[in-house]
Engineer: 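The structure under discussion is supplied below as structure tokens; questions concerning it will follow.
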Amino acid sequence: MEIERKFLVKKLPDDIDRYTVRHMEQSYVSVRPVIRVRLVDDKRILTVKSKGLLSRQEFEMELDETEYENLKSKSEGNVIEKDRYVIPLTDTSGTCGDSSVDNGLVIELDVFSGIFEGLVYAEVEFPSEDAANAFTAPEWFGRDVTTLGIYQNSALSNMKKDDIAGFVERSVSE
């Protein structure tokens with residue numbers, strides 16, 4: 001079970017370069033159900049996700065290069081490119097109400113490139129819905145977009161190319 005909250009980002013952390021970063025490229029074979037193929041540095045992953053916004057089932061398996069290329073050739077829509085920074089929650093001023101819950105939580109900061117350049121999301125995955133609901137975001141987070149499906153990467157993959165620049169501009173200004 002994946003339990004995750006997603007936020008737009010007002011300002012990147014000043015010390016972002018000190019965190020681990022991975023380059024990702026992902027495309028979608030299907031958005032209903034969500035079937036994604038992702039290249040993370042040199043690792044290829046197939047992901048299947050159930051319906052949902054805050055909570056949903058998720059299955060992942062590693063692919064070899066041939067399997068990945070075969071599935072990628074069947075994908076449709078926009079390719080999502082981003083750099084993901086992994087930031088321990090303890091390095092920020094965010095909390096989950098109970099400080100013991102914060103241990104081990106990380107912020108996955110996605111800085112998009114390519115056709116979605118300028119878009120920045122912060123995601124935090126939680127052990128329970130209670131912990132997710134008790135979370136107080138750090139000051140540099142922006143609007144909570146967890147329940148807005150348009151901010152899911154699968155929705156971005158289906159966005160019309162003519163609508164992307166306006167979407168990114170509106171998201172950055174929020």
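Only this structure's heavy atoms are used, side chains among them; waters, hydrogens and symmetry mates stay out. This structure is a prediction, so every number in the text was calculated from the model and none was measured.
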Engineer: Would a 4.5 Å heavy-atom cut-off, applied to side chains only, mark Ile45 and Val37 as touching?
Structural biologist: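 No - every pair of side-chain heavy atoms lies 4.5 Å or more apart.
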Engineer: Any chance you could measure Ser173, atom OG, to Arg143, atom CZ, to the nearest 0.5 Å?
Structural biologist: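 So the gap between those two atoms works out to 10.0 Å.
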Engineer: How far apart are the closest heavy atoms of Glu25 and Val79, and which atoms are they?
Structural biologist: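 That closest heavy-atom pairing would be CG-CG1, 3.5 Å.
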Engineer: Surrounding CD of Glu67 (heavy atoms of other residues, nucleotides or ligands, distance under 6.0 Å), is the total greater than 12?
Structural biologist: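 Atom CD in Glu67 is packed in, count exceeds 12.
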Engineer: Under 4.5 Å between any side-chain heavy atoms of Glu58 and Glu4, yes or no?
Structural biologist: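 With C-beta onward as the side chain, the pair stays apart.
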Engineer: Could you go step by step and tell me if Lys11 and Glu139 meet the salt bridge (Lys or Arg N to Asp or Glu O under 4.0 Å) rule?
Structural biologist: CA-CA 9 Å; Lys11 178 185 177 296; Glu139 177 68 26; over 6 Å; no
Engineer: Please test Glu76 against Tyr28 for side-chain contact (heavy atoms from CB on, under 4.5 Å), starting from the C-alpha separation and ending with a verdict.
Structural biologist: CA-CA 6 Å; Glu76 298 177 0; Tyr28 291 80; over 6 Å; no
Engineer: Measuring only between side-chain heavy atoms, which start at C-beta, is Glu81 closer than 4.5 Å to Phe116?
Structural biologist: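 A side-chain contact under 4.5 Å is absent here.
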Engineer: Check whether any side-chain heavy atom of Leu8 sits under 4.5 Å from a side-chain heavy atom of Phe141, and report yes or no.
Structural biologist: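 The answer is no; the side chains never approach within 4.5 Å.
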Engineer: In the structure I gave you, are the side-chain heavy atoms of Val172 and Leu119 within less than 4.5 Å of one another anywhere?
Structural biologist: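 Sidechains of Leu119 and Val172: no contact.
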Engineer: Determine whether more than 12 heavy atoms belonging to other residues, nucleotides or ligands lie under 6.0 Å from atom CD of Glu169.
Structural biologist: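 Count not over threshold, so no.
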Engineer: With side chains defined as the heavy atoms from C-beta onward, is the minimum distance between Pro13 and Leu109 less than 4.5 Å?
Structural biologist: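 The answer is yes, as the side chains (C-beta and beyond) meet within the 4.5 Å cut-off.
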Engineer: Would a distance-only check, ignoring hydrogens and angles, find a side-chain to backbone donor-acceptor pair under 3.5 Å from Lys72 to Leu39?
Structural biologist: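 Not at all, since once roles are kept as given, no pair shorter than 3.5 Å links the two residues.
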Engineer: Look only at the side chain of Asp83 and the backbone of Phe112, and say whether a donor-acceptor pair between them is shorter than 3.5 Å.
Structural biologist: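 Between the backbone of Phe112 and the side chain of Asp83 there is no qualifying donor-acceptor contact (under 3.5 Å).
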Engineer: Pairing donors with acceptors under 3.5 angstrom, does anything connect the side chains of Ser55 and Glu129?
Structural biologist: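 There is such a pair between these side chains.
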Engineer: Linking I/L/V/M/F/W/Y whenever their side-chain heavy atoms sit closer than 4.5 Å, directly or via other members, would Ile16 and Val120 fall into one cluster?
Structural biologist: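 Yes; Val120 is reachable from Ile16 via cluster members.
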Engineer: Which pair of heavy atoms, one from Ile80 and one from Leu156, lies closest together, and at what distance?
Structural biologist: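 Looking at all heavy atoms of both residues, the shortest contact is CD1-CB, 3.7 Å.
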Engineer: If you take all heavy atoms of Ala155 and Gly149, which pair is closest and at what distance?
Structural biologist: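 Between these two residues, the closest heavy atoms are CB-O, 3.4 Å.
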Engineer: Give the minimum heavy-atom separation between Met159 and Asn78, together with the two atoms involved.
Structural biologist: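 In terms of heavy atoms, the two residues are closest at O-ND2, 2.7 Å.
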Engineer: Calculate, to the nearest 0.5 Å, the distance between atoms CZ and OG belonging to Arg36 and Ser30 respectively.
Structural biologist: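 Atom-to-atom, Arg36:CZ and Ser30:OG are 13.0 Å apart.
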Engineer: When you measure from the side chain of Asp15 to the backbone of Arg18, do you find a donor-acceptor pair of N or O atoms at a distance under 3.5 Å?
Structural biologist: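 The answer is no, because no donor-acceptor pair under 3.5 Å joins these two groups.
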Engineer: Do Arg22 and Asp41 sit within salt-bridge range, that is, some charged N less than 4.0 Å from a carboxylate O?
Structural biologist: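 No salt bridge links Arg22 with Asp41.
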Engineer: Are Ile107 and Leu12 connected in a single hydrophobic cluster, I mean Ile/Leu/Val/Met/Phe/Trp/Tyr linked by side-chain heavy atoms less than 4.5 Å apart?
Structural biologist: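 Linked, Leu12 and Ile107 end up in one cluster.
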Engineer: Any heavy-atom pair between the side chains of Tyr85 and Thr20 that's under 4.5 Å?
Structural biologist: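 Side-chain contact under 4.5 Å: no.
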Engineer: Look at the side chain of Ser50 and the backbone N and O of Gln57, then say whether any donor-acceptor pair between them is shorter than 3.5 Å.
Structural biologist: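 Checked: pair present.
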Engineer: Taking Glu69 for its side chain and Thr66 for its backbone only, find out whether a donor-acceptor pair lies under 3.5 Å.
Structural biologist: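 No, Glu69 side chain to Thr66 backbone: no donor-acceptor pair under 3.5 Å.
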Engineer: Hey, are the side chains of Ile35 and Leu46 touching, using non-hydrogen atoms and a 4.5 Å cut-off?
Structural biologist: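 A side-chain contact under 4.5 Å exists here.
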Engineer: So does Lys160 have more than 12 non-hydrogen atoms from other groups sitting under 6.0 Å from NZ?
Structural biologist: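 No, not enclosed.
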Engineer: Parallel, tilted or perpendicular: which describes the rings of Tyr151 and Tyr121, with under 30° parallel and over 60° perpendicular?
Structural biologist: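 Answer is perpendicular, since the angle exceeds 60°.
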Engineer: For the OH atom of Tyr19 and the CD1 atom of Ile87, what is their distance to the nearest 0.5 Å?
Structural biologist: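 Answer for the OH-CD1 pair, Tyr19 versus Ile87, is 5.5 Å.
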Engineer: Quick check against the 3.5 Å criterion: does Thr146 have a side-chain atom that pairs as donor or acceptor with the backbone of Lys6?
Structural biologist: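 Present.
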Engineer: What verdict does the salt bridge (Lys or Arg N to Asp or Glu O under 4.0 Å) test give for Asp64 and Arg44, after you've listed the backbone C-alpha separation in whole Å, the side-chain angles of each residue and the deciding distance to 0.1 Å?
Structural biologist: CA-CA 7 Å; Asp64 66 28; Arg44 295 157 191 86; over 6 Å; no
Engineer: Of all the heavy-atom pairs spanning Lys43 and Glu62, show the shortest one and how long it is.
Structural biologist: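 Between these two residues, the closest heavy atoms are CE-OE1, 3.3 Å.
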Engineer: Show the nearest heavy-atom pair for residues Ala132 and Ile3, with the distance to one decimal.
Structural biologist: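 Scanning both residues completely, I find the closest heavy atoms to be CB-CG2, 4.0 Å.
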Engineer: Does Lys82 form a salt bridge (Lys or Arg N to Asp or Glu O under 4.0 Å) with Glu117? I'd like the steps, not just the answer.
Structural biologist: CA-CA 8 Å; Lys82 59 190 176 182; Glu117 183 151 356; over 6 Å; no
